[in-house]
Amino acid sequence: MTETSTPRQNGSKGKRSTLLGAVFLMATSAIGPGFITQTTQFTIQLGAAFAFAILVSILVDIAVQLNVWRVIGVSGMRAQDLGNKVLPGLGYVMAALVVFGGLVFNIGNIAGTSLGMDALFGLDAKIGGTLSAVIAIGIFLSKRAGVAMDRIVVVLGIVMIALTAFVAFSSAPPVGQALVQAVWPSEVDFLAITTLIGGTVGGYITYAGAHRLVDAGVTGPDQITDVSRSSVVSLLVTGVMRLVLFLAVLGVVAGGVALGSANPTAEAFQQAAGEVGLRLFGMILWAASITSVVGAAYTSVSFLVTFSSSLEKARNWLVVAFVAVSALVFVLLDQAPTTLLVLAGALNGLILPVGFGVLMFVAARRGDLLGGYRYPRWLLVIGAVAWLLTVYLGVNSVGGIAALWK
């Protein structure tokens, strides 16, 4: 990513801008078309009890991201470089898994932008997807691509939350019931919890914000406070979006409307706010998808560039190629490849415990990679508990791979 100067050169204003960009890069990477569909389906299925799953998943996600951002931030090294330090060659395996998963999911993100364009303007899917890809490519062709990316993900992230909050207000959800269910649920669905965790901190999403800080030079033990705060805020932003989307759909469901169409989120928004709600859904879906396109491309390429100085020099062109290939595959197939999406999701479930395990090992046993920094024991403990849960997710994901062979 081309930067004209680092935050330390620009002063506190430049640093704040970079931190905010990293927060929203991670958050908007997580908030993609799958996030929207997932949240809607679980709300229809569980009703107000889904609030508990959201709360638990946010707490686990924070435990994961606190450790990921801190290890990468203190060491000043990307995840794949730490992997190679722990076990030579492991970083290349991590990179291959993340890049493959990111590429396949990016095809799905392009598909999401086309659906958003269709809901907004009635554009043909191929035209909407291609136009969105061109917009994403334009960001990375900018002379100050890093600054442009930071600003765009922040603006679109705020727009998504504001528009969804408006629809949530219009649907008049039973907020009191949701609050009670958040701490005393009538039903606990562990599948919903694990699915939310995997969808929020799985694959490339885990490293999006932390790698952005490494690229911008916000690293080292002296940056711990800012890095840790940013990691928590990024999950809270994601959680707020999940919450308002949940409330928007819950209001419609609680009102007795049966959402049975092929696109229940669009139907819910239309029920809540009429034709305006449908257009808002298009804007939200497009914003969620285009920011995920940007996040997937940027983070996936960040796993490649440290292996060669020539790759680092060609970083922006690699990102452009990544987006272009995703768009080309979408246009040729006219849909996201379902089988590949299942495989990519399963691989993301595997890379989470592997990559997170590497970072926790560095935190516990490789103080030399952290510049002598003494890692907090309490953070190691919650990280270990969260890692065990990611192992459980990884074991479940193997079933997705096995299903492809049937």
Side-chain angles (χ1 to χ4, degrees), residues 27-28 30-61 108 112 115-116 119 157 160-202 205 235-274 276-289 292 345:
T28 55
I31 304 169
F35 174 102
I36 291 174
T37 302
Q38 193 182 77
T39 303
T40 302
Q41 293 291 358
F42 279 126
T43 303
I44 295 171
Q45 177 186 332
L46 299 173
F50 184 44
F52 178 76
I54 293 175
L55 178 61
V56 172
S57 67
I58 289 174
L59 293 176
V60 175
D61 290 342
L115 292 174
M160 278 192 287
I161 292 173
L163 294 182
T164 309
F166 169 76
V167 176
F169 178 80
S170 301
S171 74
V175 176
Q177 184 182 354
L179 287 173
V180 171
Q181 292 284 337
V183 294
W184 196 263
S186 58
E187 179 182 357
V188 177
D189 191 321
F190 289 103
L191 175 62
I193 295 171
T194 54
T195 301
L196 294 191
I197 294 168
T200 308
V201 294
I205 299 169
L235 267 304
L236 292 180
V237 170
T238 309
V240 167
M241 180 60 187
R242 178 93 69 183
L243 180 63
V244 293
L245 179 57
F246 156 67
L247 290 175
V249 178
L250 180 63
V252 174
V253 173
V257 177
L259 301 176
S261 69
N263 195 337
T265 314
E267 185 183 356
F269 275 47
Q270 190 169 22
Q271 289 285 344
V276 172
L278 184 61
R279 302 302 173 203
L280 291 181
F281 164 75
M283 182 64 214
I284 292 164
L285 180 60
W286 182 83
S289 301
S292 291

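- Looking at every heavy atom in both residues, Val252 comes nearest to Ala272 through CG2-CB, 4.0 Å.
- Closest of all the heavy-atom pairs between Ala48 and Gln181 is O-CB, 3.3 Å.
- Rounding to the nearest 0.5 Å gives a distance of 11.5 Å between CG of Leu243 and CG of Leu236.
- A side-chain donor-acceptor contact under 3.5 Å links Thr194 to the backbone of Leu191.
- Using a 4.5 Å cut-off on side-chain heavy atoms (C-beta onward), Pro174 and Leu250 make contact.
- Going from atom CG of Leu115 over to atom OG1 of Thr37 covers 8.5 Å, rounded to the nearest 0.5 Å.
- In plain terms, the two heavy atoms of Ala192 and Ala53 that are nearest each other are CB-CB, 4.3 Å.
- Between Glu187 atom CD and Leu46 atom CG the span is 5.0 Å, to the nearest 0.5 Å.
- Judged purely by atom type and a 3.5 angstrom limit, Gln38 has no side-chain atom pairing as donor or acceptor with the backbone of Leu196.
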Query raised in the report: Going through the distances and angles, do Leu245 and Ile31 end up as a side chain to side chain contact (heavy atoms under 4.5 Å, CB included)?
Result: CA-CA 11 Å; Leu245 179 57; Ile31 304 169; over 6 Å; no

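- Note: Ile193 CD1 to Phe50 CZ = 9.5 Å, rounded to the nearest 0.5 Å.
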Requested in this report: May I have the step-by-step check of side chain to side chain contact (heavy atoms under 4.5 Å, CB included) for Thr238 and Asp61, ending in yes or no?
Outcome: CA-CA 10 Å; Thr238 309; Asp61 290 342; over 6 Å; no

Query - Test log, rule side chain to side chain contact (heavy atoms under 4.5 Å, CB included), inputs Val244 and Met241 - result: CA-CA 5 Å; Val244 293; Met241 180 60 187; 4.3 Å; yes

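- Listed here is the closest heavy atom pair of Phe269 and Ala248: CE1-CB, 4.4 Å.
- Using a 4.5 Å cut-off on side-chain heavy atoms (C-beta onward), Asp189 and Phe52 make no contact.
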Report task. Show your working on side chain to side chain contact (heavy atoms under 4.5 Å, CB included) between Leu259 and Val253 and close with a plain yes or no. Result -> CA-CA 7 Å; Leu259 301 176; Val253 173; 4.0 Å; yes

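- Panel note: side chain Thr39, backbone Ile36; no donor-acceptor pair is recorded below 3.5 Å.
- Going from atom OG1 of Thr40 over to atom CZ of Phe35 covers 9.5 Å, rounded to the nearest 0.5 Å.
- Remark: the Ser57 side chain and the Arg242 side chain contain no N/O donor-acceptor pair separated by less than 3.5 Å.
- Across all non-hydrogen atoms, the minimal contact from Gly199 to Ile205 is O-CD1, 3.5 Å.
- In this structure a side-chain-to-backbone donor-acceptor pair under 3.5 Å is missing from Ser292 to Ala30.
- A distance of 10.0 Å separates CE in Met160 from CG in Leu285, rounded to the nearest 0.5 Å.
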